[in-house]
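Okay, structure first, notes after.
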Amino acid sequence: MVETLTARESGLVFFMRVAGYMAALFATFIGYGMIQPLLALHTSGFVGTSYLLVGVLISTIGLVKAGLGPVSGFLSDVHGRKRLATVGAATIATSLAVVYLSSSVLMLVIGFVLYGAGQAMFFLAMMTAMVEAAGPERRALAMGLYEGGNGFAIMIGSAASSVLVNMIGVAAVFGVASAFSAVAFIFSIVLVRETSAPTGVRGPVLDVAGLRGIVGPEYLAAMYTAFLFMYSQNVFSSIIPLYTTQTSLLSIEELALLFVAFAGATSLGSFLAGPVSDRVGRRLPIAVGMGFTSLSFIGLFVAGSPLALAASSLALGFGTGFFHPVASALVADISTPENRGKAFGFYRLTRDLGTFAGPAVAGIVSALLGVGSLFLLNAGLAMVGCLLALIVVKETLRK
């Protein structure tokens with residue numbers, strides 16, 4: 001009886017610890033959900049309905065995020081997670097306001113650059129803080145809550161998106177999203193707690209000395225997994241709006257509902273992955289999620305109706321949502337408090353390269369070979385990840 005009460009009390013303390021981080025993330029991702037179905041359409045208003053041009057412009061966000069990932073990891077170790085999260089949230093709010101007010105391609109690109117920089121700082125700090133607040137026993141659960149809560153917030157934002165478009169127009173939705181990020185900035189100041197002991201030691205912002213002990217097959221496999229998560233999600237968000245509306249599979253209003261379903265499936269996969277991984281380990285959940293992802297892209301390849309498109313999108317959301325938080329927990333398993341910021345920084349470097357590569361590859365491959373070839377390519381990449389998890393990765397969960 002005493003052990004059960006203690007376990008329940010421990011669980012309550014855990015959820016109290018992460019509640020502040022979740023609130024700040026939730027506000028940010030509601031805004032992200034609002035703009036996700038509209039990003040490609042808004043960009044096309046500046047450059048036309050070209051897969052290539054739209055993909056290249058949107059990929060600017062991922063390129064900046066990737067470049068600043070390791071730098072953000074270093075800064076979080078030096079200055080602390082809370083300070084970096086606060087600066088990141090303020091930058092995101094500013095960037096979305098710039099996109100809303102954009103009157104030229106140059107101004108739009110400036111907004112995208114700021115958006116990528118803000119995301120790099122904010123998400124690195126919040127991910128690292130949550131995994132530290134959770135402790136070793138609940139790392140996967142923390143990352144499941146991180147991804148699942150974010151997915152749920154995106155679902156709400158995406159649902160609001162179609163309503164807002166009809167009320168205020170596409171561009172103004174970015175202004176509303178900016179306001180939500182401003183709320184996240186306030187939450188970062190008031191609710192987020194520091195989980196590290198900032199070193200205050202300045203040095204090379206790309207210092208890799210502390211990573212030499214953890215770089216191995218598991219870390220590299222986790223980095224590939226992180227890349228594939230953002231790559232797959234951004235292929236979907238950049239290609240599906242133009243593809244489905246141009247082929248008359250969906251209207252703009254139905255497109256928002258598809259993104260709601262996609263985000264909901266991602267959230268469900270993430271919520272389930274955490275407790276499953278903390279019980280059975282890291283390797284199997286990663287392989288299962290990768291397998292779902294591969295099959296979902298094959299489904300998108302053959303989809304010829306709204307129902308088949310929706311089913312494949314749900315599978316893609318669930319698959320990516322299931323494997324990614326487990327890979328994040330794997331990084332926490334093999335790192336130490338002293339190098340965890342750097343470990344997550346380089347991990348997020350490859351993750352955010354996926355944010356860059358997704359729209360870029362989607363635009364180039366679709367323009368040259370067609371959208372079907374893009375779906376088949378992605379199915380193969382996911383299958384490679386499944387094989388890596390089964391063959392290369394050693395179990396890192398210590399019970």
Side-chain angles (χ1 to χ4, degrees), residues 66 69-70 73 127-128 130-132 134-148 208 210-233 266 269-297 315-316 318-337 339-354 357 378-399:
M127 174 179 282
T128 311
M130 281 190 67
V131 83
E132 288 175 335
E137 297 83 7
R138 292 188 171 94
R139 282 173 179 160
L141 177 59
M143 290 297 92
L145 288 173
Y146 175 93
E147 299 294 351
V208 298
L211 295 179
R212 290 171 183 166
I214 68 170
V215 174
E218 287 73 33
Y219 187 58
L220 296 176
M223 293 172 83
Y224 179 79
T225 301
F227 168 84
L228 201 65
F229 172 72
M230 291 308 297
Y231 170 83
S232 300
Q233 294 252 329
T266 303
S270 298
F271 281 137
L272 291 176
V276 169
S277 176
D278 282 335
R279 285 181 175 271
V280 306
R282 315 304 188 205
R283 296 172 64 248
L284 185 59
I286 292 176
V288 170
M290 288 284 189
F292 257 95
T293 300
S294 182
L295 290 174
S296 69
F297 276 116
L316 178 60
F318 182 84
T320 54
F322 199 77
F323 70 67
H324 183 246
V326 183
S328 302
L330 188 155
V331 173
D333 289 344
I334 61 178
S335 60
T336 65
N339 64 15
R340 189 160 289 137
K342 296 185 185 70
F344 272 110
F346 282 89
Y347 169 78
R348 288 189 66 91
L349 165 63
T350 56
R351 182 184 190 272
D352 294 331
L353 280 174
N378 297 340
L381 292 174
M383 187 53 61
V384 169
C386 179
L387 294 175
L388 282 175
L390 293 175
I391 298 172
V392 175
V393 173
K394 294 181 180 179
E395 187 53 64
T396 61
L397 178 64
R398 301 289 181 264
K399 295 185 178 181

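Basis for what follows: all heavy atoms, side chains included, without hydrogens, waters or symmetry-related copies. All of these numbers come straight from a predicted model, not from anything done at the bench.
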Is there a donor-acceptor contact under 3.5 Å linking the side chains of S270 and Y146? no
As an exercise, state the distance from OG1 of T350 to OH of Y224, rounded to the nearest 0.5 Å. 11.5 Å
Closest heavy-atom pair, L381 versus Y231, reported as atoms and distance to 0.1 Å, is CD1-CE2, 3.8 Å
Are side-chain heavy atoms of F229 and R351 found at a separation under 4.5 Å? yes
Tightest non-hydrogen contact, residues A222 and A327, listed as CB-O, 4.0 Å
Would you check if the side chain of S296 reaches a backbone N or O of A315 as a donor-acceptor pair within less than 3.5 Å? no
Spell out, as yes or no, whether a donor-acceptor pair under 3.5 Å connects the side chain of Q233 to the backbone of T320. no
Let's go through T266 and F318 carefully: what are the C-alpha distance in whole Å and the side-chain angles of both, what is the deciding distance for side chain to side chain contact (heavy atoms under 4.5 Å, CB included) to 0.1 Å, and is it a yes or a no? CA-CA 5 Å; T266 303; F318 182 84; over 6 Å; no
Please tell me if the side chains of P285 and V280 come closer than 4.5 Å, counting only heavy atoms from C-beta onward. yes
Could you measure the distance from the CZ atom of R279 to the CG atom of L284? Nearest 0.5 Å is fine. 14.5 Å
Classify the ring geometry between Y347 and H324 as parallel (under 30°), tilted (30 to 60°) or perpendicular (over 60°). parallel
So does V393 get a backbone contact from the side chain of E218, meaning a donor-acceptor N/O pair under 3.5 Å? no
Gap separating the OG atom of S294 from the CG atom of N378, nearest 0.5 angstrom: 9.5 Å
Are any of the side-chain heavy atoms of L145 and F271 separated by less than 4.5 Å? yes
Give me the atom names and distance for the closest heavy-atom approach of R282 to A329. CZ-CB, 3.8 Å
Please report the closest heavy-atom contact between G291 and C386, naming both atoms and the distance. N-CB, 4.3 Å
To the nearest 0.5 angstrom, please state how far the CD1 atom of I286 sits from the CZ atom of F323. 9.0 Å
Which heavy atom of Y219 sits nearest to which heavy atom of L330, and what is that distance? N-CD2, 4.5 Å
Where M290 and L228 come nearest, the two heavy atoms and their spacing: SD-CD2, 3.3 Å
